[in-house]
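Written out below as structure tokens is the structure these notes cover.
Any value given below was found using the heavy atoms of this structure, including those in side chains, with hydrogens, waters and symmetry copies removed. Below, chains carry the letters A, B, ... as their sequence lines are ordered, and counting in each starts from 1.
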Number of protein chains: 2
Amino acid sequence: MTSFQEKSGTLPVDCVACRASIEDLCKDCALAIRQVLVGYKLGDRTIKAGDDLFRPAEPCAALYFIFEGWMFLYSLIEDGRRQILHFALPGSLLGLYPGRTAIYGVEALTNAVVCAIPHEHLGPLIEKHPGIGLRLAWTVWRERNLAYDRLSSIGRRSARERVARLLLELFVRYRMMWPAYRSEEMHLPLTQEHIGDATGMSGIHVNRVLRGLRNEGIVEFHYRRLRILNPDRLVDIAGVDPQTILSWTERYPST
Amino acid sequence: MTSFQEKSGTLPVDCVACRASIEDLCKDCALAIRQVLVGYKLGDRTIKAGDDLFRPAEPCAALYFIFEGWMFLYSLIEDGRRQILHFALPGSLLGLYPGRTAIYGVEALTNAVVCAIPHEHLGPLIEKHPGIGLRLAWTVWRERNLAYDRLSSIGRRSARERVARLLLELFVRYRMMWPAYRSEEMHLPLTQEHIGDATGMSGIHVNRVLRGLRNEGIVEFHYRRLRILNPDRLVDIAGVDPQTILSWTERYPST
DNA sequence: CGGCCGTTTGAATGTTGTCAAGTACGGTGG
DNA sequence: CCACCGTACTTGACAACATTCAAACGGCCG
């Protein structure tokens, strides 16, 4: 049984300096608004790799932002098979809307830190700062679009194309967060099983596809290390247009 | 080239009485807020069955609500294959956020009427009525959850289960709109091709699956007429829990 | 060094897609 | 009312793709 009340206490997140969580909500808001958010926050929480923030069908009492670490949303079916719905990087929004039980679970891939805003603070927060409501909607909207992208990939593309698309997505989203490291290599904390569960295929077949991509000098993924050898070919195989790739990383339009 | 300026003129939607479009945003808002929306509206537009409201990659200049008719969101890939992302019934939200080109297209399955709120009116509207921002976020959140449901279905379930789930979803969502007709029969304006494009399978295989379901006395779908013969079995095959089914139809929590 | 987890590979099986041909429905014009 | 036409549905045979099962290998950590 997980409860957001058990705050870590040891790791107070600095909301004002926080690059990750608040970016989409408050990039061009006055610094003041960030400080406002601090007032509505409940506390922070750390989750160990492999643990759940919440499980499927478990009530979820707060709105979370990931401050640090990788997590993923998943759903389970009766026979134990799992579908990964979304990989959540720092800045992702995690549980919205009070009194509802989540239809999916959230598990940490690495050790992670999330900050929580209790649902009952949400109404007052938005009354005071209406702009945040629209930004919230925009953040969810983006996640919805990403889900739609994945839907086309899984529904209409071959195993090879699906794997290529997922690796590309994770690479692009990761690199946006640390643009300083302009490397074609990254630490990707997944197993081939995870990739299979995210792309709707068996882990074993993921392996075969990866071998193919490696032999052709396109990408290498081995023991949680991803190397993009031929970015252009990868984009080509993934079959996503540049427009769409941009949409994975775009920020709230500052008018 | 479609443009929202070409208002129908012939069919002014009555926003105050409108059951469909505004329900989620304003169910327990004062009637006054509905009247406010009228002021922010641009006009209405009719779309003939088979026509697009907008095409993939086409800029989308307004926020639309479906007032009447069935539509669907789709994306296309190079070789012409299509993935249907979502079937939109009256009340669905259609294009959010300014200056962006949609990554998908929207086509009408039946003749349809939508009402449009220009993006530039959105900011002022929400400044004045902050509650609407949160409701907007909630609406999008629901669509995101629905997309996640579909993702598990397509990614992890057999053809038979996927078809069952889709028919169940459409039936449940449809019946919520007209609860008066408590019939197990409905007009479902799709071809088997549509079902295939939505479930990630070929139209031909959809046919085989439907034959199976018909032979077992579970559902009949023939020339746009859907009949649920054995609801319990259908839910069972679709493999969705009652909790999830409820989430497809739930409304904004009135606190 | 041993054990464990994740990866790698092969062979057999199964599900779904493709191709090709035929059939039924529903609307239109005579 | 009927003949006609186009679209959608139906069916079978075959091929392609992905899954499953089983076994071995590899890195990593105690």
Atom-pair distance ([atom1] on [X]; [atom2] on [N]), nearest Å:
X	N	atom1	atom2	answer
Arg225(B)	dG26(C)	CZ	P	11 Å
Arg211(A)	dT7(C)	CZ	C1'	11 Å
Phe221(B)	dA8(D)	CZ	P	12 Å
Ile204(A)	dT8(C)	CD1	C1'	9 Å
His205(B)	dT15(C)	NE2	C1'	7 Å
Glu193(B)	dT7(D)	CD	P	13 Å
Arg208(A)	dT20(D)	CZ	P	11 Å
Asn207(B)	dA13(D)	CG	P	16 Å

Determine whether [X] and [Y] make a side-chain contact, defined as any pair of heavy atoms from C-beta on separated by less than 4.5 Å.
X	Y	answer
Tyr104(A)	Tyr148(B)	yes
Asn111(A)	Ile47(A)	no
Val114(B)	Phe65(B)	no

Fill in: Test side-chain hydrogen bond (donor to acceptor under 3.5 Å, both in side chains) applied to His205(B) and Arg208(B), step by step
CA-CA 5 Å; His205(B) 199 56; Arg208(B) 283 192 274 257; 3.1 Å; yes
5'-most contact on DNA chain D (nearest-nucleotide basis), Gly203(B) vs Tyr223(A), goes to Gly203(B)
Review point. Within less than 4.0 Å of OP1 or OP2 of dT10(D), is there a side-chain N or O belonging to His222(B)?
Key: yes
Worksheet item: Using a cut-off of 4.0 Å on non-hydrogen atoms, how would the nucleic acid contact of Ser202(B) be classed: base, sugar-phosphate, or nothing?
Response: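 Result for Ser202(B) = base.
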| task | Indicate, with a heavy-atom threshold strictly under 4.0 Å, whether Gly196(A) touches base, sugar-phosphate, or nothing. | result |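 No contact at all - Gly196(A) keeps every heavy atom at 4.0 Å or more from the nucleic acid.
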Near DNA chain C, under 4.0 Å by heavy atom, which residues of residues 150-169 of chain B?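 Heavy-atom contacts with DNA chain C come from Ser158(B), Ala159(B).
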Which donor-acceptor pairs under 3.5 Å do the side chains of residues 161-171 of chain A make with protein atoms, sequence neighbours left out?
unit_1: Glu161(A); atom_1: OE1; unit_2: Ser158(A); atom_2: N; d: 2.8
unit_1: Glu161(A); atom_1: OE1; unit_2: Ser158(A); atom_2: OG; d: 3.2
unit_1: Glu161(A); atom_1: OE2; unit_2: Arg157(A); atom_2: NH1; d: 3.2
unit_1: Arg162(A); atom_1: NE; unit_2: Arg157(A); atom_2: O; d: 3.1
unit_1: Arg162(A); atom_1: NH1; unit_2: Thr199(A); atom_2: O; d: 2.8
unit_1: Arg165(A); atom_1: NH1; unit_2: Glu169(A); atom_2: OE1; d: 2.9
unit_1: Arg165(A); atom_1: NH2; unit_2: Glu169(A); atom_2: OE1; d: 3.1
unit_1: Glu169(A); atom_1: OE1; unit_2: Arg150(A); atom_2: NH1; d: 3.2
unit_1: Glu169(A); atom_1: OE2; unit_2: Arg150(A); atom_2: NH1; d: 3.1
unit_1: Glu169(A); atom_1: OE2; unit_2: Arg173(A); atom_2: NH1; d: 2.8

#### Entry: is_close_aromatic(Phe72(B), His86(B)), centroid dist under 6.0 Å
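For Phe72(B) and His86(B), the ring centres are not under 6.0 Å apart.
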Answer yes or no: side-chain N or O of Arg224(A) and base N or O of dG27(D) forming a donor-acceptor pair under 3.5 Å.
-> no
Between Thr191(A) and His194(A), does the side-chain hydrogen bond (donor to acceptor under 3.5 Å, both in side chains) criterion hold? Intermediate values first, please. CA-CA 5 Å; Thr191(A) 65; His194(A) 285 121; 3.2 Å; yes
